[in-house]
Structure formats: C-alpha cells, structure tokens
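Residue numbering restarts at 1 for every chain, and letters A, B, ... go by the order of the sequence lines.
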Amino acid sequence: MSIQIKNVWKEYGQRVILEKVSLKVEQGEFCTLVGASGCGKTTFLRMLLAEEQPTRGQILIDGEAMPAEPGPDRGVVFQRYSVFPHLTVLQNVMLGMEIEQSPFWGRLSGSAKKQAEAEARSMLESVGLTHVCNHYPDALSGGMQQRLAIAQALIKKPRILLLDEPFGALDPGIRADMHDLILDLWKQTGITIFMVTHDIKEAFHLGSRLLVFDKVRHDPQEPAAYGASITYDIPLETKGSRRMYPEVRKVVTVSEHKADRNSAMLLLQKEAA
Amino acid sequence: MKRIINIHPSDGVKLMLGILPFILALLAYMIASDMRLAENAGDKLLPSFSSIGEAIQRFAFEPSKRTGEILLWVDTASSLSRLAMGVGVSAVIGFFVGVACGVVPYVRANLSPFVRVLSMVPPIALLPILFIVFGLGEVSKVVLIVLGIAPFIARDVQQRVEELPHEQMIKAQTLGASTWQIIIRVVIPQVMPRLLNAVRLSLGPAWLFLIAAEAIASTDGLGYRIFLVRRYLDMETILPYVVWITLLAYLMDLGLKKTIRVAFPWFEGKRDDA
Ligand SMILES: Nc1ncnc2c1ncn2[C@@H]1O[C@H](COP(=O)(O)OP(=O)(O)O)[C@@H](O)[C@H]1O
Ligand SMILES: [Mg+2]
C-alpha cells in the first residue's frame, strides 16, 4: 500500500510544528526519520497513526483518505508503555487475536484459544521470547519489552509499522540484536516501516530511505512561527542494493554532533546527486 | 559517618522500633491511671487494666441481663453489616462512574463536575436531611457512608484511569479494540487493584460516618454503645470498644492489601502499596 502525504501542516494554536510536508512512500519501504529533538517527528508518526489530524493538507493511503482514528492496519511501537503490564508476555501477544475473534468479551476459550496461543508462541519464537512466555512485562529487560511490543504489533499483520525511538533506551549490544531482528522481520513480511531514531548511524544501517526533518525557515524573534519540514529525502537502498555513501559514513560514524551531522548531510546531498 | 538518610535498621531493630511507641503509650496510660487511682480510688477517667478486663468479660463474653445477647457481638455484627453495605455500594458506584468518566470524554464532561462538587458537600451536614427522608433506620446510615465516600472513590478511579499511559490506549486501538473491548481488557483489569486501594483509603472516613450516624440515631452498633455509656462516664467500656474498632479497621486494611497482592501479582510495586 502506498502512502501519499500532500502538503501537510500541523499547528498547535499559534505554534507551527510541521509545515509543507509532502512525501510518497511505496509498500515495503523502510523509512528512517531523524531530526532535532522537538522538531515534530513524533507528531508526524501520530498523524500517520491518525491519533492526530493534520491542520492542513491530506494523508492518503492507497489513494483513499486516512481513517479518522487508529486501526489494525497500522501497528505501533513506542519508546515506552507499548505493552500491557497486567498481561503476561503470551497474553500480550494473544490480545490482538482475542479482540478480533471475540467482540464482546475479548477473550477466547477452548480450541480457538489453543490456536491463538500456538500462533502467539510461534511469533514469540521469532523474536526470541519463548522462555519468558509467562512472565509479566515488568520482569523483562528493556530490550525484551521492546521485542514483545514488536511481536504484539506484528501479530495483527499490519501493513504499516510505526516505530518511535524503539531502541533509544537500549544498550548498544542489545540494540544490534534488535537491528537484526527488525531487518529480518521487515524482509520476511514486506511491511512498510517508519522509524524515528536519534541515532543517525542506526538510521543509515536500517533504512531503505532516510528522511531528515528540519526547519527551512527561521525567525529568531519568534521560533514557533515556522515549522519543520522534510529537508532531505535520501534513498539508501534501491532495488535491493544498498547505496553506501562512503564519505558520509565516515563522518557519521565518528560523531553524532549536530554540526557534524549538518556537514554529513551536505556531503550526502553531493553524493546522492 | 554515613548520612542519616542512608542508615537503615535491620529487620529485628525495625520490628522493635515499630512496637516501641505502642509499649510507651500503654506504659504512659498505666502510670497515669495508677496515679489518679492512688489519689481517688473511685476515679472513672482512667480505669485500671484489671477493671477494664472485668468490663470486657461482662460485655464480650457474658449475655446481657436485659436482652440475653452478648453485647459486643451484637454491636459488631450490626456495625459491620452497615459498613459493608455502605462501602460495598460506594465501591460499585465509584467503580462504574469512575471508569465511565475516565474512558468516555462525553461522560466525563457530563458527570465529572457534578461528582467533584458532590465530593465537597460535608456528608455530616446532610445527616438531618437523610433522617428526614429515609427515617432513623438502617438506610440513612448506609446512605451517609455512600454519600461520604462514593464521590471520593469515583474521583480516584477516574484519575487512575486517566493516568494509564495514553500509549496503551493507542496501542489497543492499533490492535483493533473497540471502546468496549478497551474497557474490559485494558482499563478494568488495571483499575481493579487501584479501586481496592481507593477503598482502603476510604475505610477511615467510612468508620467516621458510621459512628456519627450510630451515635445520633440507633439502637445498637459500636458507635451507639460508646455514646450510650458515655452518659455514665463508663471508660471501662469505651476504651476497649475504641481499641476493638481500631483493630477491625486495621484488619480490613490489611485484608485488602493482601488481597491486592495475591489477586494482582503484576501490580506489585506499581503504586503506593504501603
Ligand atoms: N498535544 C500537543 N499540544 C501542544 N504542543 C504539542 C503537542 N504535542 C506535541 N507538541 C509540541 O510539538 C513539538 C514537536 O513534538 P514532537 O513531535 O514530540 O517532537 P520530536 O518527536 O521530534 O522530538 C514539541 O515542541 C511539542 O512541545
Ligand atoms: Mg519524539
């Protein structure tokens, strides 16, 4: 399914958060979103979820207007609070199926339950959580909780997966495991992914397309007058082959400072051209 | 030398320190009582432990000469049944109103201001009205408790629902949940232990309203008894009754706390569990 974002603006009262955002994303792309903190990345994801509505412009999915509220075709993993603390790991993954099959109680019994359980177990196996099936989320490490959140979202087979700094709170080693996991799942399912990250290395490593959010216009007297937009839209992978941008990678890997990031972006533009 | 905030007592010391104030209070009472009784053997204000013991024997173990019933048990049974009715009804009302207000914006807009104002009405001031409307029987006592604590429970439950991370509500919607399914699978299971905590907090006020109602119009009950024997300056009865009420309240609180721990293992350490 393709997503088309047409000149979208988002304002809170007088404050412009996003302006003139236009974008077309095809089924199966993995977009990584980077940008300064507070520039509106989460707001952008929220509009894709339909948790928030654009104040101007339009978001189309397969040419149709976006639904007015969140739904099962768009899964999400937040940085925190994505799983339900009162449900065990297995119950967290089963919830989506139970809700679908049992409209009134939202609970299954008998053979339907067995089947849902089996499906949930195989999903948990693919994220490596079988051994903690009966634990409550609070007993899990941060990385495990995020894996659970991914499993929980994927069981609904959404066509779009939205990830908001999902690995931001994890240790580097665990983060590498999570990268392998998410890339595997992406390749297997052909799902469209939007992922916000503050780690530009991560953005390069995972994405097939890098979207940089930044303000184009600045008013020093009134910083809230202008919003951020997508300033760079860089293909990282075309037709299955990765584009390396060797010069940029050198800069990006040594430092995550904003000034360096800006120079990296300039280089990137040159190399991409 | 470590900072004082970093010095923790061992378990044994903790226990001893905890018991100490109780022992001191008993000692202080004993000394004061002895002093008064030494001055005037007929003093009624601070009776000795032995005369309190005799009184307990009379009202807790021997049938009353007038009615043939054991007073303490009769009083306890009627007070507890009133309390249970009042607290039970309040918990049910508070639960439904709180969850509905917490989840559905239209209900919140409609009911929340009313509940907030209602919770400001001093219930005791309504007692005369209750006696006029419901008579002097059981109903007005139960209604007093309900008026006193149901608005508090409703507000607390609403607040707990609103405190659930917004991410969870979004997440549930992305799993395809309807409003109803969100209520029964996400909100209610997480609110139950918090409801029991709200009930725990409202037990104190519930006892207060119960005793006030019993003191004014009743023919039995723990509060009735205390206020009845007050006329004879019967401290030998009043003091053990007060201790008994305190013990009952403490046990209820403990029971609820243990229930929360056993029934909702995931809730451990989530909120003030003290
Ligand atoms: N509901 C809201 N009302 C008003 N301002 C908001 C709201 N949500 C977000 N904002 C503001 O929008 C800006 C962008 O926020 P956000 O999208 O979370 O940034 P990012 O995720 O890029 O760090 C922030 O300045 C934030 O304060
Ligand atoms: Mg954000």
Side-chain angles (χ1 to χ4, degrees), chain A residues 42 45-46 48-52 67-89 91-108 134-140 148-149 152-162 164, chain B residues 95-96 98-100 102-108 157 159-198 256-257 259-273:
Chain A
T42 297
L45 282 198
R46 281 196 183 150
L48 291 178
L49 267 175
E51 182 194 345
E52 292 276 351
E69 54 182 6
D73 59 337
R74 281 152 295 144
V76 66
V77 174
F78 300 104
Q79 190 168 7
R80 295 176 63 198
Y81 305 125
S82 288
V83 295
F84 298 103
H86 63 292
L87 299 176
T88 63
V89 168
Q91 288 167 342
N92 260 291
V93 180
M94 284 169 65
L95 183 63
M97 289 179 276
E98 293 191 291
I99 276 171
E100 187 178 344
Q101 295 169 39
S102 163
F104 189 76
W105 291 113
R107 279 173 202 281
L108 296 175
N134 297 317
H135 289 41
Y136 286 105
D138 276 3
L140 305 185
L148 172 58
Q152 184 186 43
L154 288 180
I155 200 102
K156 292 297 291 182
K157 303 194 170 55
R159 292 185 294 170
I160 304 176
L161 182 61
L162 304 163
D164 194 354
Chain B
F95 171 75
F96 281 108
V99 168
V103 176
V104 186
Y106 260 86
V107 178
R108 174 159 60 239
V157 168
Q159 206 175 335
R160 302 295 157 233
V161 173
E162 287 172 359
E163 272 172 17
L164 293 177
H166 189 60
E167 285 88 343
Q168 284 188 18
M169 303 299 141
I170 301 297
K171 181 83 202 195
Q173 293 177 60
T174 65
L175 296 178
S178 64
T179 299
W180 171 248
Q181 288 174 322
I182 291 175
I183 290 174
I184 62 165
R185 288 298 321 261
V186 177
V187 174
I188 289 181
Q190 293 193 75
V191 153
M192 286 316 286
R194 294 165 166 103
L195 171 73
L196 293 186
N197 258 343
L256 281 170
K257 186 174 156 180
T259 308
I260 294 172
R261 188 161 297 172
V262 173
F264 308 99
W266 56 269
F267 191 64
E268 193 86 7
K270 268 263 176 311
R271 277 194 59 81
D272 55 340
D273 203 26

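Here the straight-line distance linking atom CZ of B:Phe264 with atom OH of A:Tyr136 works out to 10.0 Å at 0.5 Å rounding. Considering CD of B:Gln181 and OG of A:Ser102, their distance stands at 7.0 Å, rounded to 0.5 Å. Distance check: A:Leu45 CG to B:Ile170 CD1 gives 12.0 Å after rounding to the nearest 0.5 Å. Of the inter-residue distances, the one linking A:Ile160 atom CD1 with B:Thr174 atom OG1 reads 12.0 Å to the nearest 0.5 angstrom. Rounding to the nearest 0.5 Å places CZ of A:Phe84 at 7.5 Å from NZ of B:Lys171. For the atom pair B:Arg185 CZ and A:Leu87 CG, the distance stands at 5.5 Å (nearest 0.5 Å).
For A:Thr88, no part sits under 4.5 Å from any heavy atom of chain B, backbone or side chain. In this structure, chain B has heavy atoms under 4.5 Å from both the backbone and the side chain of A:Ala153. Neither the backbone nor the side chain of A:Ile155 comes within contact range of chain B; no heavy atom of the residue lies under 4.5 Å from a heavy atom of that chain. For chain B, the nearby parts of A:Tyr81 are the backbone and the side chain; heavy atoms of each come within less than 4.5 Å.
Counting heavy-atom pairs closer than 4.5 Å to chain B, the top residue among A:Lys156, A:Met97, A:Arg107, A:His86 is A:His86. Chain B forms more heavy-atom pairs under 4.5 Å with one residue of A:Gly75, A:Ala149, A:Ala50, A:Ser82 than with any other, namely A:Ser82.
When the shell of 6.0 Å around CZ of A:Arg80 is examined, it contains 12 or fewer heavy atoms from other residues, nucleotides or ligands. Counting non-hydrogen atoms of neighbouring residues, nucleotides and ligands closer than 6.0 angstrom, the OH atom of B:Tyr106 reaches no more than 12 such neighbours.
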